[in-house]
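Note that the structure is a prediction, hence the values are computed from the model and not measured. Just so it is clear, the values below take in all heavy atoms, side chains as well, and ignore hydrogens, waters and symmetry mates.
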Amino acid sequence: YKSDNHWNNNGAFVAYKALIDSLNAKGYDLSGLPITDCITSDSVFAAGNISRMIDMELEFKEEELFIFPNKKKYLQERAKSNYPCPEGFPYCWTYEEVRRGMDTTKPNLLVFRESFTNDLLMDLLGSSFNRSTFIFDSWKHQLDLSIVANEKPDLVICMVMEGFLDCFSNFPSKPDKRFQRISEQR
């Protein structure tokens, strides 16, 4: 966006393609959803959070190409695990999001995310995996091992805006015994 620090849908699609390409280079067999299998529409809407911060939201408008995957073709009904929303977190309706792809032979994905991981990116990733669970952890950027143990994912991704990369200094460089036990339970 021009007036918001989040990715627009074009940015989300580029991030999705780069992530799928990177995972395939590491040996995963994931089919990326082509943009030709998406519905697109142009839109003009109110400016984003940066213009609101400087009290100029009426001065700016955003133009965007909205991208919608064909959900009937690539996603199916999904059930949440209903993890409790952290106390004080203002966006409880989006704390846990789940997407389910059509191919049950694909790996399961768990993503600890923040607001950069928008609905489009969740839908796109969901179309490439079997079950994809997204946890919006209130910008704490912590690996919740109880959720990892419950989900038993094949892959865990921590999606973090570059301004918060220092959060990884708290992550172990090698999996600790708790994570190894979780891996062994799979």
Side-chain angles (χ1 to χ4, degrees), residues 1-9 11-13 15-16 19 43 45-60 62 64 66-69 71 75 77-100 108-127 129-183 185:
Y1 293 108
K2 295 176 184 174
S3 64
D4 194 298
N5 69 329
H6 296 88
W7 287 334
N8 63 16
N9 285 332
F13 196 85
Y16 162 71
L19 186 56
S43 181
F45 56 94
N49 64 350
I50 294 172
S51 61
R52 284 192 300 274
M53 287 178 203
I54 59 173
D55 198 25
M56 294 186 73
E57 65 267 28
L58 299 178
E59 307 297 321
F60 297 97
E62 290 283 354
E64 182 172 12
F66 279 97
I67 304 168
F68 305 96
K71 290 185 181 186
L75 294 169
E77 293 296 317
R78 70 263 182 207
K80 292 183 177 186
S81 297
N82 292 317
Y83 297 112
C85 182
E87 188 175 326
F89 182 57
Y91 310 108
C92 285
W93 70 90
T94 190
Y95 175 70
E96 176 190 358
E97 297 273 349
V98 177
R99 305 295 192 273
R100 191 163 204 98
N108 292 323
L109 173 67
L110 174 59
V111 178
F112 291 96
R113 71 180 191 94
E114 56 186 35
S115 54
F116 267 77
T117 310
N118 63 13
D119 284 336
L120 174 63
L121 187 52
M122 288 188 281
D123 286 347
L124 291 169
L125 286 170
S127 73
F129 288 86
N130 173 29
R131 178 182 164 89
S132 301
T133 302
F134 301 88
I135 302 295
F136 190 165
D137 77 343
S138 189
W139 297 278
K140 292 182 180 155
H141 307 108
Q142 296 174 350
L143 190 63
D144 187 326
L145 292 178
S146 66
I147 294 176
V148 175
N150 189 57
E151 292 294 318
K152 298 177 180 55
D154 299 292
L155 179 66
V156 176
I157 295 175
C158 295
M159 188 97 41
V160 178
M161 185 180 87
E162 64 271 10
F164 294 112
L165 287 176
D166 63 336
C167 73
F168 288 114
S169 63
N170 298 326
F171 280 56
S173 58
K174 294 181 180 178
D176 64 18
K177 291 179 182 177
R178 293 173 298 163
F179 190 76
Q180 288 172 341
R181 282 195 305 271
I182 292 167
S183 298
Q185 293 172 0

Could you check whether any side-chain heavy atom of Leu121 comes within less than 4.5 Å of a side-chain heavy atom of Met159, counting everything from C-beta outward? yes
Could you check if a side-chain atom of Val148 sits within less than 4.5 angstrom of a side-chain atom of Phe112, using non-hydrogen atoms only? yes
As an exercise, state the distance from OG1 of Thr117 to CG of Leu124, rounded to the nearest 0.5 Å. 11.5 Å
Distance, nearest 0.5 Å, that separates CG of Asp137 from CZ of Arg113: 9.5 Å
Taking the side chain as every heavy atom from C-beta outward, state whether Ile135 and Asp144 have any atom pair closer than 4.5 Å. no
Indicate yes or no: does Arg131 engage Asp154 in a salt bridge with an N to O separation below 4.0 Å. no
Classify the ring geometry of Tyr95 against Phe89: parallel below 30°, tilted from 30° to 60°, perpendicular beyond 60°. perpendicular
Non-hydrogen side-chain atoms of Leu125 and Ile157 separated by less than 4.5 Å: no
Indicate yes or no: at least one non-hydrogen side-chain atom of Glu114 is less than 4.5 angstrom from one of Phe136. yes
Hey, could you give me the CH2/SG distance between Trp93 and Cys85, rounded to the nearest 0.5 Å? 9.5 Å
So, Tyr83 versus Asn150: side-chain donor-acceptor pair below 3.5 Å or not? yes
Would you call Glu151 and Val98 a side-chain contact if the rule is heavy atoms closer than 4.5 Å? no
Does the side chain of Phe129 come within less than 4.5 Å of Leu155's, by heavy atoms? yes
If you take all heavy atoms of Gly126 and Ser132, which pair is closest and at what distance? CA-OG, 3.6 Å
Got a second to check how far Ile147's CD1 is from Glu96's CD, nearest 0.5 Å? 7.5 Å
Starting from the C-alpha separation in whole Å, work towards a yes-or-no answer on side chain to side chain contact (heavy atoms under 4.5 Å, CB included) for Phe134 and Arg99. CA-CA 8 Å; Phe134 301 88; Arg99 305 295 192 273; 3.9 Å; yes
